[in-house]
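Each remark here refers to the structure printed beneath this line.
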Amino acid sequence: MYPESVLEEIRNRTDIVELLGEYLTLKKSGSGFVGLCPFHGEKTPSFHVHPVRQCFHCFGCHKGGNIFTFLMAFENFSFPEAVQKLARRAGVTLQNEEWKPKQNAVSSHREIAACLEWAAKYFHYLLCESKNYASARSYLTKRGITTKTIEKFMLGVSPKGQQTLLEQMQKRKFGINQLVEAGLIIQSEKNAQHYDRFRHRLMFPIRDRDGNTLGFGGRLLAPDENKPKYLNSPESPLFSKRTLLYGQFENEREIRRKGEALIVEGYMDVIGLHEKGVTNAVATMGTALTAEHCEQIKGMTQKVVTIFDTDRAGRDAWQRSVHLFLSAGLFAKDLTLPEGKDPDEYVMAEGAEKFSHLCSGAPKQITKLLKEIAAKGKLSEEQRATVLSELTPILLTTRKSAEHALLWDSISLVLGITVDSLRAWIETTAKNHRPAQQPPPLAHPSAPQKSPAKSTHKRDRFGLELFEAAIQCPKDFLKLDRSAWEGCLADKRIEGWLIKMHEAQSGPAMEKVLEELAQTEADPDLLSRASQRLIGPDPKQADPKQPDPKQPNPKQPAPKPNQEYFQEVIKRACELRREKEVRRLTTQVKLTGMLGDEEEQLRLLERMKALRSQ
């Protein structure tokens, strides 16, 4: 039907994570991604996506496959339909197609548009005029939405019955095929019956720049665990989520006037902001931001502020958009609202003026991203490889742009990699269409390096000393705030046992942790120190055959006074933490200087000064 070479080209041009991310929320897990399976109900994610192998599999319902089979299962497409959609999405031209839809089975765009327009007016009428849907009006009133805004966005409500809309539209001579293609009606999997797609939902018409209704978003009005809270129209000849922005028709004029667009996540964010006078917001529709969205935005303004949720998904969303905005030539900032509030919640509580002030002071996306990385301090090899992988789209986007040389210098500083090594690695990645196998080495390889073994041994020795001090003075150790020593040890294994001991909160409970250590730990140094607490002092008297305990043993240091020893070790722990923080701040000072953030640079320098004077 289609040559394998064409299918392979579509696969190579399609990122399965990005594609599936348009339909469901995915979170990074190891080398892949996980999410809730869209094919069966579940509360614990069992749906896995493997970006390298370009496939998915659910360990709950055992569905699996590739990009084509996903669309066939999710959108109920035939194989040719899935190929056609993915080809359009990837920019692949299909030649000599053997499969073509029957002309009499496909309604014209004009007929589909007429269906959608009538449905939008019907939903709006039910919300504004029908006594049966007062609860929907009450919901909007509680959210602070006035009649003026309801009219502006032409909000509506879909009827409760299973076939109410279908019956009403059939009376007006709309055909079943038209209604199905418009996404208003669906056919039951069990029988040939047709039903309304949207039932008892608050309806948000999604309109193009000319005000034509292309689809809908629907929010449940009555809680139902078996139904999604939000439901969008399916992809159709008119409706494509990756190209449309909710609120563009209503707010485009103000976006152009203000010269800035706010990108939010939800319909109610756009509406709530508009209600309070923030009239330059648009939203994606449950999908990740795309290059097509950026082109839409670029046609209105050169500046954007992303305001996504503060959860992991929201953080991933703005980070994934960085390279898209850079590639489109847009100046992008990111705002994190206080207390994790949604934009409409914040503006309702604090007002438009305060909200706009926060937007004005929001940091550049790329600056915020690099600061977050720099704040982690020195990265391990594993962490560096992970961060480098996350930054790869940004580096690929900017590798041939002279104006982004400063950005590369900043990334080089944060990762500790020379720009030349970074460039060579990225060029290899671009050539192979996937990350290079071996990340570039740390910068300045010719500089004298301390022996890793020696450095590790020295830090491990301090960890053992801290462990011994905790055993000798358990009461003092338990009273001590964990922040005084946590994070200053290189050996995370020792730190893990110290944390367990501290969480015990009592001497007897602490001894149980030591008993666990004695049964599971193989390190003789740790075991010997734990045994001092578990076994207690040697009851034997001095023996001529044994070393005199009063005489120092060259193989074992003489015991130190408990209190003095404990205080000395904790003092050293605080010094190590302070040194680590100074090193971290030094990197951030250099970074903020390179990025031109003088105010932040001065703040960091003051913090360094205060640390060094302690």
Side-chain angles (χ1 to χ4, degrees), residues 1-4 6-90 92 99 180 183 185-195 197 199 218 220 223-236 240-242 285-288 311-313 316-317 320 386 389 433-435:
M1 186 173 290
Y2 293 106
E4 182 59 31
V6 172
L7 301 179
E8 184 64 21
E9 185 178 2
I10 294 172
R11 280 192 288 265
N12 289 338
R13 291 192 186 187
T14 303
D15 183 341
I16 191 170
V17 176
E18 183 180 341
L19 174 68
L20 272 60
E22 296 175 13
Y23 295 88
L24 58 150
T25 299
L26 297 174
K27 294 183 178 181
K28 190 80 169 70
S29 177
S31 61
F33 292 80
V34 298
L36 295 176
C37 180
F39 304 118
H40 79 286
E42 62 176 6
K43 295 182 179 180
T44 303
S46 61
F47 186 87
H48 290 248
V49 182
H50 304 279
V52 176
R53 286 178 277 173
Q54 287 285 291
C55 66
F56 70 92
H57 182 79
C58 176
F59 290 92
C61 66
H62 305 294
K63 274 190 179 292
N66 54 26
I67 55 176
F68 302 105
T69 52
F70 178 84
L71 281 190
M72 291 168 68
F74 192 92
E75 298 279 18
N76 197 26
F77 282 172
S78 64
F79 178 69
E81 287 175 316
V83 172
Q84 286 194 329
K85 177 175 179 178
L86 290 170
R88 287 194 300 271
R89 186 180 184 277
V92 176
W99 179 88
V180 170
I185 304 300
I186 55 175
Q187 186 174 2
S188 171
E189 295 179 358
K190 297 179 181 179
N191 51 50
Q193 292 280 345
H194 288 84
Y195 300 95
R197 178 181 295 274
R199 299 191 289 274
L220 272 180
D224 189 335
E225 293 183 358
N226 297 318
K227 297 179 181 178
K229 183 177 180 180
Y230 280 94
L231 180 66
N232 288 321
S233 292
E235 296 286 312
S236 76
S240 174
K241 289 187 289 186
R242 66 179 295 106
M285 287 162 283
T287 182
D311 58 13
R312 178 62 185 272
D316 289 345
R320 284 198 302 267
T386 299
S389 176
H433 304 291
R434 63 181 60 187

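- In this structure, the separation between CZ on Phe68 and CG on Leu7 is 5.0 Å, given to the nearest 0.5 Å.
- A distance of 6.0 Å separates CG of Leu26 from CG of Leu20, quoted to the nearest 0.5 Å.
- Minimum interatomic distance between Val180 and His194 (heavy atoms only, all atoms of both residues): CG2-CD2, 3.9 Å.
- Classified by interplanar angle (parallel below 30°, tilted 30° to 60°, perpendicular above 60°), the ring pair Phe59/His48 is perpendicular.
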Practice task
Give the intermediate values and the outcome of side chain to side chain contact (heavy atoms under 4.5 Å, CB included) for residues Val6 and Val92.
Solution key: CA-CA 8 Å; Val6 172; Val92 176; 4.3 Å; yes
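- Glu42 contributes a side-chain N or O that, together with a main-chain N or O of Ser46, makes up a donor-acceptor pair within less than 3.5 Å.
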Practice task
Begin from the C-alpha positions of Met285 and Arg242 and carry the test side chain to side chain contact (heavy atoms under 4.5 Å, CB included) through to its verdict.
Solution key: CA-CA 8 Å; Met285 287 162 283; Arg242 66 179 295 106; over 6 Å; no
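- Electrostatic pairing of Lys241 and Glu235 does not count as a salt bridge here, judged by no charged N lying under 4.0 Å from a carboxylate O.
- Taking the six-membered ring where tryptophan is involved, the planes of Phe56 and Phe70 are perpendicular, since the angle between them exceeds 60° and thus also 30°.
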Practice task
Kindly determine whether Asn12 and Gln54 satisfy side chain to side chain contact (heavy atoms under 4.5 Å, CB included), including the steps that lead there.
Solution key: CA-CA 9 Å; Asn12 289 338; Gln54 287 285 291; over 6 Å; no
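- The backbone N or O of Asp15 sits nowhere less than 3.5 Å from a side-chain atom of Glu18 that would complete a donor-acceptor pair.
- The CD1 atom of Ile10 lies 10.5 Å from the CZ atom of Arg88; values are rounded to the nearest 0.5 Å.
- Taken to the nearest 0.5 Å, the CZ atom of Arg11 stands 7.0 Å off from the CD1 atom of Ile67.
- Around NZ of Lys28, the count of heavy atoms belonging to other residues, nucleotides or ligands within 6.0 Å exceeds 12.
- Arg197 has its side chain out of reach of Tyr195: every pair of non-hydrogen atoms, C-beta onward, lies at least 4.5 Å apart.
- Heavy-atom neighbours of Arg53 CZ from other residues, nucleotides or ligands within 6.0 Å: at or below the threshold of 12.
- Considering every non-hydrogen atom in both Arg320 and Ala288, the closest pair reads NH2-CB, 4.1 Å.
- The heavy-atom pair separating Thr14 from Ala90 by the smallest distance is OG1-CB, 4.0 Å.
- Once rounded to the nearest 0.5 Å, the distance linking NZ of Lys63 with CZ of Phe47 reads 10.0 Å.
- Atoms CD and CG, from Glu9 and Leu86 in turn, are 13.0 Å apart once rounded to the nearest 0.5 Å.
- Listed here is the closest heavy atom pair of Ile16 and Pro51: CG2-CA, 4.1 Å.
- Annotation for Thr69 and Asn66: closest pair OG1-N, 2.7 Å, computed over non-hydrogen atoms.
- Residue Met72 comes nearest to Ala82 through the heavy atom pair CG-CB, 3.9 Å, listed as atom of the first residue, atom of the second, then distance.
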Exercise for the section: For Cys58 and Phe39, run side chain to side chain contact (heavy atoms under 4.5 Å, CB included): C-alpha distance rounded to whole Å, both residues' side-chain angles, the deciding distance at 0.1 Å, then the answer. Expected result: CA-CA 9 Å; Cys58 176; Phe39 304 118; 5.8 Å; no
